[in-house]
Amino acid sequence: MNLLLSKMQVIFDSLKHFQHSNPIEKISSRVKAPENIEKKLLNLGYEASPENARKYLTDIAGIRIICSYAKDIYHLADLIRSIPDIQVTIEKDYISSPKPSGYRSYHMIIEIPVYYSSKTEVVPVEVQLRTAAMDFWASLEHRVRYKYQEHIPKHLSDELVICADKIADLDKRMFLIHDIISLINQDT
């Protein structure tokens, strides 16, 4: 994960220094806690073991990239795909096809080589690309889901979907304002 973070930091720095605007607001990372790895394996019907974690889980390590605008997400996904020693194995576009809950984000499972003194191991890492508004919604939804232990009352789940739709509209409108300002700046 640290290797991927340093690669992402290089992209972040190059965008900041060589373009007029930087689409990356923030990059964060996490490693799934052992008890959450165990819980996920058991939920998937596998024995909790290091071997099964390596074999069946692709999200033990994760990076979240927060972008200014939804359209930036696709540009950054292209940049990630172009990194030479990274292999993208799975992509899920929950922005153009949101989950029924209203969740929006762009997910990539990538494999990155990690070099040890005696061997090289390919490690999967989940990359999530989303806007700050999408991230706010996802954090709220996670708290609600945790509070109700996956059994969210219908009125709350309906309200979350409405909020997700409004956030998607807001993201589009904010990008429109950004485009208008860019056009005005080009004319001056």
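The structure displayed is predicted, hence computed values, not measured ones.
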Open item on the list: I'd like to know if V125 and I66 are part of one continuous hydrophobic network [Ile/Leu/Val/Met/Phe/Trp/Tyr, side-chain heavy atoms within less than 4.5 Å].
Closed with: no

TODO: Tell me, please, which residues at least two apart from Q128 pass side-chain hydrogen bond (donor to acceptor under 3.5 Å, both in side chains).
DONE: R64, E126, R130

Open item on the list: Just to verify, what does T120 make a side chain to side chain contact (heavy atoms under 4.5 Å, CB included) with, not counting sequence neighbours?
Closed with: P113, Y115

TODO: Any pair with a residue in residues 157-170 that passes side-chain hydrogen bond (donor to acceptor under 3.5 Å, both in side chains), sequence neighbours left out, goes on the list, sorted by first then second residue, please.
DONE: R104-D165, K154-D158

- [ ] Starting from I162, walk the hydrophobic network (Ile, Leu, Val, Met, Phe, Trp, Tyr; side-chain heavy atoms closer than 4.5 Å) and list everyone else you reach, by chain and number.
- [x] none

Task: From NE2 (H178) to CD1 (I180), nearest 0.5 Å - done: 11.0 Å

Open item on the list: Going by side chain to side chain contact (heavy atoms under 4.5 Å, CB included), name the residues that satisfy it together with K147, two or more places apart in sequence or in a different chain.
Closed with: none

Open item on the list: Side chains of I177 and R173, heavy atoms from C-beta outward: is any pair under 4.5 Å?
Closed with: no

Task: Contacts of type side chain to side chain contact (heavy atoms under 4.5 Å, CB included), residue I90, not counting sequence neighbours - done: K92, I109

Open item on the list: The criterion is side chain to side chain contact (heavy atoms under 4.5 Å, CB included); which residues satisfy it with I167, sequence neighbours excluded?
Closed with: A133, W137, D171

Open item on the list: Tell me which pairs pass salt bridge (Lys or Arg N to Asp or Glu O under 4.0 Å) where either residue lies in residues 68-90, with sequence neighbours left out.
Closed with: K7-D85, D78-R81, R81-E91

TODO: Only pairs at least two apart or in different chains count here, so list each ring pair (Phe, Tyr, Trp, His ring centres under 6.0 Å) that has a residue in residues 29-50.
DONE: Y46-Y56

Task: Same cluster (ILVMFWY, side-chain, under 4.5 Å), I110 and L129 - done: yes

Open item on the list: Could you go through L140 and L160, starting from their C-alpha distance and side-chain angles, then the distance that decides it, and tell me whether this counts as side chain to side chain contact (heavy atoms under 4.5 Å, CB included)?
Closed with: CA-CA 9 Å; L140 175 62; L160 282 166; 4.2 Å; yes

- [ ] I would like to know whether V122 and Q87 meet side chain to side chain contact (heavy atoms under 4.5 Å, CB included); could you show each step before the answer?
- [x] CA-CA 10 Å; V122 177; Q87 178 69 42; over 6 Å; no

Task: ILVMFWY cluster, M108 and L76 together (side-chain gap under 4.5 Å) - done: yes

Open item on the list: Show the nearest heavy-atom pair for residues L41 and A53, with the distance to one decimal.
Closed with: CD1-N, 3.8 Å

Task: Residue pairs fulfilling salt bridge (Lys or Arg N to Asp or Glu O under 4.0 Å) with at least one residue in residues 51-62, sequence neighbours excluded - done: K32-D59, K40-D59, R54-E121

TODO: Return the minimal non-hydrogen interatomic distance between G102 and A164, and the atom names on each side.
DONE: O-CB, 3.2 Å

Task: Residues in ring-ring contact (aromatic ring centres under 6.0 Å, His included) contact with Y106, at least two apart in sequence or another chain - done: Y74

Open item on the list: Distance check, rounded to the nearest 0.5 Å: L170 atom CG versus C163 atom SG?
Closed with: 11.5 Å

Open item on the list: Rounded to the nearest 0.5 Å, what separates atom CD1 in I80 from atom CD1 in I86?
Closed with: 7.5 Å

Open item on the list: Quick one, K172 and L176 - any side-chain contact, counting heavy atoms below 4.5 Å?
Closed with: no

- [ ] Examine I83 and I63 and state if one hydrophobic cluster contains both, with Ile, Leu, Val, Met, Phe, Trp and Tyr joined whenever side-chain heavy atoms are less than 4.5 Å apart.
- [x] yes

Open item on the list: Using 0.5 Å steps for rounding, measure from the CG atom of D135 to the CD atom of E25.
Closed with: 11.0 Å

- [ ] Starting at NZ of K26, measure out to OG of S68 and round the result to the nearest 0.5 Å.
- [x] 12.5 Å

TODO: Step by step, work out the side chain to side chain contact (heavy atoms under 4.5 Å, CB included) result for R145 and I152.
DONE: CA-CA 6 Å; R145 187 170 302 284; I152 300 173; 4.1 Å; yes

- [ ] Could you grab the distance from atom CD1 of I65 to atom CD1 of I27, nearest 0.5 Å is fine?
- [x] 5.5 Å

TODO: Kindly indicate whether the side chain of I95, heavy atoms from C-beta on, has any atom under 4.5 Å from the side chain of T131.
DONE: no

Task: Qualifying residues under ring-ring contact (aromatic ring centres under 6.0 Å, His included), relative to Y148, sequence neighbours excluded - done: none

Task: Y103 and H107 aromatic ring geometry - parallel, tilted or perpendicular at 30°/60° bounds - done: perpendicular

Open item on the list: Applying a strict under-4.5 Å side-chain criterion to I, L, V, M, F, W and Y, I'd like to know whether M134 and Y94 cluster together.
Closed with: no

TODO: Find out whether T89 and P124 are in side-chain contact, i.e. whether some heavy atom of one side chain is under 4.5 Å from a heavy atom of the other.
DONE: no

